[in-house]
Undergrad: 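My questions all concern the structure below.
Per chain, numbering begins at 1; letters A, B, ... match sequence-line order. What you see is a predicted model; the values in this text were computed from it and never measured.
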Amino acid sequence: MKKVYINSIASISPQKTYDNCNFLDEITEYNDTVIFAQDPDYKQYIPPAAARRMAKGIKMGVVASKIAMDEAGIETVDAIITGTGMGCMIDSEKFVSAIIDNNEQYLTPTSFIQSTHNTVAGQIALGMECKAYNFTYVHSAISFESALLDAKMQLENNEAEHILVGGVEELGAHTTKVHRLINHIKPEPVSISEVLHSKTEGAVFSEGTNFFVVSNEKTKSCYAELVAVETFNTLQKEKVSEAIETFLKENNLKLDDIDLVVFGNNGDVDFDGYYNKLSEGIFSKTQQVFYKHLVGENNTVSAFGVWLASKILKTQTVPEIVKINKINSSEIKTVLCYNQYRGQNHSLVLLRKC
Amino acid sequence: MSELKEELKGKIIEQLNLEDVSVADIADDDALFGDGLGLDSIDALELIVMLDKDYGIRLSDPKEGRKIFESVQVMADYIEEHRTK
């Protein structure tokens, strides 16, 4: 079986992450319940004629994919695989609203065409003129990991050499309103320094995208080796430690071999216990970082965790703003990312310095 | 008539998301498709729906659109003659 490498990365998030030369050097402070992605100059990447039908999620996905492709130094890929929990919400809301407002009459094609979950992967392929495997996984908080796992298996089996894989979410006004009604969004604004110790339920909702070129050959731009990915639809809080130890054992590792763990704490008082149990338990002697205080919560934000881990492994620096504890590893060789959303759809991504 | 033409230009810009175009940029006789504004077949469908929704004009043959959507001037003439609302 071939090894799998993350050869390039790209992120558009509520922080200024779209420039790969920076690594959280400048932090945008938020004190809100919903935060939006910071826009790069879309016109620099997408011709105006093509951009005019694209909602924000599509633009973000297309631009992030171009940034990742540029960094990898390749023109095309053998597969484009995306993950999205909610899909293209803005056009979906537009289309459904038009059906209701116009009494099922006068339906226009654009928002319908652009509203499907695989629109982003489709638009990337159109722009790249890539007729290869094109797939979108839709599975709540493990949508991105499902895409990553598919890519990893294809590369390991040498069915592909380079695969573009990413996750994307955009905020739609109506969907946000619904999530607020069911208390999935925090009842009051929370600043980024308060998220970790928040005493309220719900999360700070957000949008964004993260793309990666993963290959079975290491290039100069390589960030990390993608060692293993595992997902769990359900996992009791008491069983997470055991699941992680089994996962590590399957990869011939012990807890001590993990130099840094990336947690997905979002400040939800009802569900952060999953992380706290690990933080105070099996990983109490391990360096810990988190990121959702900076970029909020959405179904594929765990891809930002992989972006963060990749950056840390390549640069061997850990920005102060993401540190949970005071432990500092002298060299960061192996990183584990753990995420769950509302106690369901858990994921483990294991990365190694390359 | 000139009011209708201004209205049409505004609707074309808004409904077809022509971000970098203003009402002043569209001359009455500019071609909407091809070399002019560069609209395409999806835009034609959007315009057919707009005629029906805003002016009560239902095109039985979508091919008719080719002539009607030649320019803002031609569109306005057609709407003046056939509008039911």
Undergrad: Around atom NE2 of A:His174, are there more than 12 heavy atoms from other residues, nucleotides or ligands closer than 6.0 Å?
TA: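 Not more than 12 within 6.0 Å, no.
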Undergrad: Side chains of B:Asp43 and A:Arg52, heavy atoms from C-beta outward: is any pair under 4.5 Å?
TA: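 They are in side-chain contact.
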Undergrad: Short question: side chain of B:Glu46, backbone of A:Thr110 - any donor-acceptor pair under 3.5 Å?
TA: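 Indeed, once roles are kept as given, a pair shorter than 3.5 Å links the two residues.
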Undergrad: Does any heavy atom of chain A fall under 4.5 Å from the side chain of B:Asp20, the backbone, both, or neither of them?
TA: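 The side chain, not the backbone.
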Undergrad: Which answer fits B:Leu16, side chain, backbone, both or neither, if we ask what part of it has an atom under 4.5 Å from a heavy atom of chain A?
TA: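 Both backbone and side chain.
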Undergrad: Would you call A:Arg53 and B:Glu19 a salt bridge, taking side-chain N to carboxylate O under 4.0 Å as the test?
TA: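 So A:Arg53 does not pair with B:Glu19 through a salt bridge.
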Undergrad: Does a sphere of radius 6.0 Å around CZ in B:Arg66 hold more than 12 heavy atoms from other residues, nucleotides or ligands, not counting ones at 6.0 Å or beyond?
TA: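 Open: at most 12 neighbouring heavy atoms sit under 6.0 Å from CZ of B:Arg66.
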Undergrad: Side chain, backbone, both or neither: which part of A:Ile113 has a heavy atom under 4.5 Å from chain B?
TA: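 Side chain only.
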Undergrad: Would one find more than 12 heavy atoms of other residues, nucleotides or ligands at under 6.0 Å from atom NZ of B:Lys85?
TA: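 Atom NZ in B:Lys85 is packed in, count exceeds 12.
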Undergrad: Taking atom CG of B:Asp52 and atom CG of A:Asn102, what is their separation to the nearest 0.5 Å?
TA: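 Those atoms lie 10.0 Å apart.
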Undergrad: Less than 4.5 Å to any heavy atom of chain B: does that hold for the side chain of A:Pro48, its backbone, both, or neither?
TA: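 Only the side chain of A:Pro48 comes within 4.5 Å of chain B.
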Undergrad: Which heavy-atom pair separates B:Val49 from A:Tyr106 by the least distance, and what is that distance?
TA: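 Closest approach of B:Val49 to A:Tyr106: CG1-O, 3.4 Å.
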Undergrad: Please enumerate all residues that pass side chain to side chain contact (heavy atoms under 4.5 Å, CB included) together with A:Asp41, with sequence neighbours excluded.
TA: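 If we apply the side chain to side chain contact (heavy atoms under 4.5 Å, CB included) test to A:Asp41, skipping adjacent residues, the hits are A:Lys43, A:Gln44.
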